[in-house]
Amino acid sequence: GQQVMQIPQYQHVQEGEDFTTYCNSSTTLSNIQWYKQRPGGHPVFLIQLVKSGEVKKQKRLTFQFGEAKKNSSLHITATQTTDVGTYFCAGPDGDKIIFGKGTRLHILP
Amino acid sequence: KAGVTQTPRYLIKTRGQQVTLSCSPISGHRSVSWYQQTPGQGLQFLFEYFSETQRNKGNFPGRFSGRQFSNSRSEMNVSTLELGDSALYLCASRARDYNSPLHFGNGTRLTVT
C-alpha cells in the first residue's frame, strides 16, 4: 500500500533558528495535509495543499507541495517555544488518510 | 460547535480483558475514523465508519472492531487485550468530502498490564 515518509524523525533547534520537515509519498497524492500535535495533545489540522507546486504561508510557516505531487515540506522561520511539538504530513490512500511518522521539534532556549 | 469528544481519557486494563472506547464526532460530521498512536509506529489507521457502515479498514487483527450508531457516535472495541495494545487511541471526524481535514478528539490513553 501507499506509504508516507517523513524526515527527520527528530530535530533540535535553538530558539530563533529555522526548521524544515520533509514528507515523501510512494505515489502521487491528490492532496497533502499537515497537522501539529503538541506534547500531551492531539493532532490539529494546519493546512491542506492541493495543486502541483503550491506554496502556502501561515505567518512564520511555509508549506510547499512538489511539482510531481509526491513530496511536501513545512518550513518554520525563526522558531519560537510555541512551535514545540510533532508535525505530521498526511495523504489519502484511497479514501482513508494515512500519516507519516512525524517530525518531533524540540526548541532549545 | 463542540469538538470531538472521546471517553474515557484514561484506561488501565489487564491482559486478556476487553475494552470499549467511545467517540462523539462534531455535529454534522458523519465520518468517524480511529487511529492508534504509539511512539514507534506513529499514527496507524484502524478503521473508518460512515453512516453506520465501515468504509475502510487498516491492517489490524480482528480483535479490533468498531461500530457507528445512527447519531454518528462511534465505539471501538478491543478484545483479548495484549501488552502491545497499550497506546493512545485517537478518534477523528470529518465532513463527507474525502478531502476534508480530520478533527481529532483528545484520545483515550490505554495501558495494558
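Remember, it's a predicted structure, so these values are computed and weren't measured experimentally. Throughout, protein chains are lettered first and strands after them, A, B, ... in sequence-line order, and every chain is numbered starting at 1.
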**OP:** Would you mind telling me which of Val50(A), Val44(A), Asp93(A), Ile97(A) has the largest number of heavy-atom pairs within less than 4.5 Å of chain B?
**Re:**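 Counting heavy-atom pairs under 4.5 Å, the top option is Ile97(A).
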**OP:** Identify which of Gly94(A), Pro43(A), Gly102(A), Gly40(A) forms the greatest number of heavy-atom pairs closer than 4.5 Å to chain B.
**Re:**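 So the answer, after comparing Gly94(A), Pro43(A), Gly102(A), Gly40(A), is Pro43(A).
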**OP:** Report yes if some heavy atom in the side chain of His29(B) is under 4.5 Å from a heavy atom in the side chain of Val4(B); otherwise report no.
**Re:**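 Heavy-atom side-chain distance check fails, nothing below 4.5 Å.
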Which atoms of [X] come close to chain A, meaning under 4.5 Å heavy atom to heavy atom: side chain ones, backbone ones, both, or neither?
X         : answer
Thr38(B)  : neither
Leu102(B) : both
Gln41(B)  : both
Phe47(B)  : neither
Asn106(B) : both

Flag for [Y]-[X]: side-chain donor and acceptor within less than 3.5 Å:
X        : Y         : value
Thr77(A) : Asp18(A)  : no
Ser93(B) : His103(B) : no
Trp34(A) : Thr21(A)  : no

**OP:** Determine, for Arg60(A) against Asp83(A), whether the closest basic-nitrogen to carboxylate-oxygen distance falls under 4.0 angstrom.
**Re:**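 Result for this pair is yes, salt bridge flagged.
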Original post:
Name the one of Asn77(B), Val78(B), Val112(B) that satisfies side-chain contact (heavy atoms from CB on, under 4.5 Å) with Val19(B)?
Top reply: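 The single option meeting the side-chain contact (heavy atoms from CB on, under 4.5 Å) with Val19(B) is Val78(B).
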Original post:
Using non-hydrogen atoms only, which part of Ser30(A) is less than 4.5 Å away from chain B: side chain, backbone, both, or neither?
Top reply: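 The side chain, not the backbone.
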**OP:** Please look at Gln37(A) and chain B and tell me whether the side chain, the backbone, both or neither of the residue comes under 4.5 angstrom of a heavy atom of that chain.
**Re:**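 Contact with chain B involves the side chain of Gln37(A) alone.
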